[in-house]
Trainee: 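The structure follows.
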Amino acid sequence: MCLTNTCCRVEAIVGVDERGQMVLPKDLRQKAKIKGGDKFAVSIWEKDGELCCITLTRVESLVNTIKGQLGTVVKDVT
């Protein structure tokens, strides 16, 4: 499904090994510019009490989002 300048689609299918680890395919890591040492926040979405979606957000992006939201809150308080 694509709306305006955003798009959501299945990009890859990954498996889970016996240790519970997953590997993102190299072409997806390159496309997303993911390299060793990068940090991601893992978010989950639930529907009717069941986990339905897991998302990864770059920590830097999350920090910037939170700073933006807090900046608005701080501005409203002062």
Side-chain angles (χ1 to χ4, degrees):
M1 170 195 314
C2 293
L3 303 171
T4 60
N5 65 344
T6 62
C7 191
C8 180
R9 65 179 174 270
V10 174
E11 189 69 29
I13 303 292
V14 298
V16 179
D17 70 14
E18 61 279 348
R19 295 183 301 170
Q21 297 178 328
M22 294 179 264
V23 175
L24 295 175
K26 183 179 180 180
D27 60 329
L28 179 58
R29 292 192 316 268
Q30 289 174 333
K31 187 175 185 176
K33 299 178 181 157
I34 296 172
K35 58 191 176 310
D38 287 350
K39 301 240 184 241
F40 293 86
V42 178
S43 303
I44 61 170
W45 297 355
E46 294 182 14
K47 181 178 180 181
D48 300 326
E50 294 284 326
L51 179 66
C52 64
C53 187
I54 299 172
T55 61
L56 300 175
T57 305
R58 288 184 184 278
V59 168
E60 299 85 17
S61 178
L62 185 61
V63 167
N64 290 336
T65 299
I66 291 169
K67 282 181 180 178
Q69 291 174 345
L70 288 178
T72 302
V73 170
V74 170
K75 184 187 278 185
D76 289 344
V77 171
T78 58

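The shown structure was predicted, so the numbers you read here are calculated from the model rather than taken from an experiment.
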Trainee: Sort and list the pairs that fulfil salt bridge (charged side-chain N to carboxylate O under 4.0 Å, His left out) and have at least one residue in residues 45-63, not counting sequence neighbours.
Mentor: Asp38-Arg58
Trainee: State, with a plain yes or no, whether a side-chain heavy atom of Val42 is found less than 4.5 Å away from one of Ile54.
Mentor: yes
Trainee: Could you work out, with side chain to side chain contact (heavy atoms under 4.5 Å, CB included) as the rule, every residue matching Ala32, not counting sequence neighbours?
Mentor: Ile34
Trainee: In Å and rounded to the nearest 0.5 Å, what is the CZ to OG1 distance from Phe40 to Thr57?
Mentor: 9.0 Å
Trainee: Report the distance from atom CG of Leu62 to atom OG of Ser43, rounding to the nearest 0.5 Å.
Mentor: 7.0 Å
Trainee: Applying the 4.5 Å side-chain criterion to the ILVMFWY set and letting contacts propagate, would Leu56 and Trp45 be lumped into a single cluster?
Mentor: no
Trainee: Which residues satisfy the side-chain hydrogen bond (donor to acceptor under 3.5 Å, both in side chains) test with Glu18, sequence neighbours excluded?
Mentor: none
Trainee: Restricting to side-chain hydrogen bond (donor to acceptor under 3.5 Å, both in side chains), what partner residues turn up for Arg29, sequence neighbours left out?
Mentor: none
Trainee: Could you identify which residues cluster with Val10, counting Ile, Leu, Val, Met, Phe, Trp and Tyr as linked when any side-chain heavy atoms lie under 4.5 Å apart, either directly or through a chain of such contacts?
Mentor: Ile13
Trainee: In the hydrophobic cluster built from side-chain contacts under 4.5 Å, what are the other members alongside Val59?
Mentor: Val63
